[in-house]
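The structure under discussion appears below in the form of C-alpha cells.
The figures that follow rest on heavy atoms only: side chains count, while hydrogens, waters and symmetry mates do not.
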Amino acid sequence: MNHPKNVGGADRIIRGVLGIWLVVVALAASLDGQRTKAAIAGIAGIGLLQNAWTQFCGCNALFGIDTTPAAGTKE
C-alpha cells in the first residue's frame with residue numbers, strides 16, 4: 001500500500017527519539033524479567049519508529065492531521 005505522507009518535521013524527530021527510547025526500555029525490562037512491560041514498550045517503540053521511517057501514521061490520517069511541511073516551504 002502506498003499511503004500519503006502525514007508525519008514530518010519535529011513530529012518525525014520526536015517519534016524517532018521516543019521510539020528508540022521505548023525500545024531501550026523494552027530491552028531493559030526484558031532483561032529484568034518484566035515481560036508485560038517489555039512487550040508493551042517494545043510494540044509502542046517499534047510503532048513509533050515505523051511512523052518516523054515511513055512518514056505515515058494511521059491515527060493522523062483518521063483525525064485529518066498532517067505535520068508535513070506545506071508545498072513550497074523548506075523543512
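Of the candidates T68, T67, D66, T67 is the only one forming a side chain to side chain contact (heavy atoms under 4.5 Å, CB included) with D11. Tested against R15, the residues I20, L49, N51 include a single side chain to side chain contact (heavy atoms under 4.5 Å, CB included) partner, N51. The side chain to side chain contact (heavy atoms under 4.5 Å, CB included) test with L48 singles out one residue from L22, V23, I14, and that residue is L22.
What you find for A52 and R12 is that their closest heavy atoms are O-NE, 2.7 Å. H3 and F56 make their closest contact through CB-CD1, 3.4 Å (heavy atoms, listed as atom of the first residue, atom of the second, distance).
Counting only heavy atoms from C-beta outward, the side chains of V7 and N60 approach each other to under 4.5 Å.
Atoms SG and CD, from C57 and Q50 in turn, are 8.5 Å apart once rounded to the nearest 0.5 Å.
Between the side chain of S30 and the main chain of A26, no donor-acceptor pair closer than 3.5 Å is present.
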